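Let me begin by handing over the structure; questions about it come next.
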Amino acid sequence: MKKNLVAFSLALLLSSQSVQASDYGLCINRSKGDWRKQVVCNQDETRRLMREINNTYAKLARDPHFNRLNTGKTSLNEQFKSWQEYRNSYCSYWEKAQSGYGDEEYHRAECMRLVTQKHYDDLENLIEMAYAIRE
Amino acid sequence: MMKKSLGCLVVSSLAIFASSAQADLYQECLDKNYMSDKEMAKCNDDEATRIMGEIRKKVNSIAATSYFNNWDPSKKNFKILLSNWENLRNEYCDLYGYTFTQGMGTISVLQTSKCNLDMNKRFLEDLEHVVNIYRENAL
């Protein structure tokens, strides 16, 4: 019974994620090539990913196995800050490399989404690995 | 024109040859030390240091273009980018290595070093991406 409930919750979670992912695709389709509207699509998707990332960090912080690591310089909070600093400085290069056509805002928003997605994937892999190792 | 193309071809062939030779050295090092996590971690560290050298070269080559030089003459932003990158890599890879043992066992050193290497490769690709965008835009 418990197993079924877990499987059901997982299916619900996966389907809600695919709905979210397609929200971005739909938003881009609806923009009909208007880069200003696509800036909003990218920003919304980045915000969604940031919420997921925050949840993943919170999940790690609650996990007693990570307690030893979660202090001082190695704290998850520090990691989150470092990642944000890196993303912001990398995206200013991305933006600069593309600038000159007046659509810098679009490139920055796209870079922020892509780098955020990468970090989200990294953290998800980490969580999966942590649980797989314990089994 | 013909000479220039030939020159470019020779230079790029040499670069490909040199990078595949380096990759072979890395693989050789792993093959030779497959019995020891510590030694394999050292192979990863050496390769990560080599890639870091490529990263520095790439960053300097971006900084040397007049376009980026005008934007960031003191190269302050480049230094910040590199230092932010190193912080992120080290902290993420500590977490990655720790995840393998979760406080027990010794394999985390090997995993941490592999993570450092992979992250360096990824950053080099990300920098190449910026260079490519700039080149395409400059055409």
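Residue numbers start from 1 in every chain, and the chains themselves are labelled A, B, ... in the order their sequence lines are given, proteins ahead of strands. For clarity, every value in this text was computed on a predicted model and none was experimentally measured.
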> In Å and rounded to the nearest 0.5 Å, what is the CG to CD distance from Leu88(B) to Gln79(A)?
Replying inline: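 If we round to the nearest 0.5 Å, Leu88(B):CG and Gln79(A):CD are 8.5 Å apart.
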> Checking Lys96(A) against Tyr134(B): charged group under 6.0 Å from the ring centre and within 45 degrees of the axis?
Replying inline: no
> Are Phe78(B) and Ile51(B) co-members of a hydrophobic cluster defined by side-chain heavy atoms under 4.5 Å apart?
Replying inline: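 Yes, because Ile51(B) and Phe78(B) connect within a single hydrophobic cluster, where side-chain heavy atoms sit under 4.5 Å apart.
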> Of all of Trp85(B), Tyr96(B), Trp71(B), which one pairs up most often with chain A through heavy atoms under 4.5 Å apart?
Replying inline: Trp71(B)
> Is it the backbone or the side chain of Asn88(A) that comes under 4.5 Å from a heavy atom of chain B, or both, or neither?
Replying inline: neither
>> So, taking the atom named CZ in Arg122(B) and the one named NZ in Lys118(A), what distance separates them when rounded to the nearest 0.5 Å?
In response: 5.5 Å
> Are Val39(A) and Leu49(A) grouped together when hydrophobic residues (ILVMFWY) are joined by side-chain heavy atoms under 4.5 angstrom apart?
Replying inline: no
> If you count the non-hydrogen atoms of other residues, nucleotides and ligands that lie under 6.0 Å from NZ in Lys37(A), is the total more than 12?
Replying inline: no
> OG1 of Thr99(B) to CD1 of Ile127(A): how many Å apart, nearest 0.5 Å?
Replying inline: 8.5 Å
> Roughly how far apart are Leu126(A) CG and Phe100(B) CZ, rounded to 0.5 Å?
Replying inline: 9.0 Å
>> Count I, L, V, M, F, W, Y as connected when their side-chain heavy atoms are under 4.5 Å apart, and connections chain through other members. Are Trp35(A) and Val40(A) then in the same cluster?
In response: no
> Does atom OH of Tyr34(B) have more than 12 heavy-atom neighbours, drawn from other residues, nucleotides or ligands, at distances under 6.0 Å?
Replying inline: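 No, OH of Tyr34(B) has 12 or fewer neighbouring heavy atoms, counting only those of other groups under 6.0 Å.
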> Rounded to the nearest 0.5 Å, how far apart are CG of Leu127(B) and OH of Tyr90(A)?
Replying inline: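 Those atoms lie 6.5 Å apart.
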> Does any heavy atom of chain A fall under 4.5 Å from the side chain of Leu82(B), the backbone, both, or neither of them?
Replying inline: neither
>> I'd like to know if Leu60(A) and Tyr120(A) are part of one continuous hydrophobic network [Ile/Leu/Val/Met/Phe/Trp/Tyr, side-chain heavy atoms within less than 4.5 Å].
In response: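 Tyr120(A) clusters together with Leu60(A).
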> Centres of the Tyr92(B) and Tyr86(A) rings: under 6.0 Å?
Replying inline: no
> Any idea which of Asn77(B), Ile62(B), Asp126(B), Val130(B) has the most non-hydrogen atom pairs under 4.5 angstrom with chain A?
Replying inline: Asp126(B)
> Say you draw a straight line from CD of Glu91(B) to NZ of Lys81(A); how long is it, rounded to the nearest 0.5 Å?
Replying inline: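 Between Glu91(B) CD and Lys81(A) NZ, I get 9.5 Å after rounding to 0.5 Å.
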> Quick one: what part of Phe68(B) sits under 4.5 Å from any heavy atom of chain A, side chain, backbone, both or neither?
Replying inline: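 It is the side chain, since no backbone atom gets that close.
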> If Ile, Leu, Val, Met, Phe, Trp and Tyr residues are connected whenever their side-chain heavy atoms lie under 4.5 Å apart, and connections chain through other members, are Met129(A) and Leu76(A) in the same group?
Replying inline: yes
>> Closer than 3.5 angstrom, by distance alone: can the side chain of Asn87(B) be matched with the main-chain N or O of Ser82(A) as a donor-acceptor pair?
In response: no
> Considering only heavy atoms from C-beta outward, does the side chain of Val59(B) approach that of Tyr93(A) to under 4.5 Å?
Replying inline: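 SC-SC contact between Val59(B) and Tyr93(A) ruled out.
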> In residues 103-116 of chain A, which residues are in contact with chain B at a heavy-atom separation under 4.5 Å?
Replying inline: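 When heavy atoms of chain B are the reference, residues 103-116 of chain A contributes no residue within the under-4.5 Å range.
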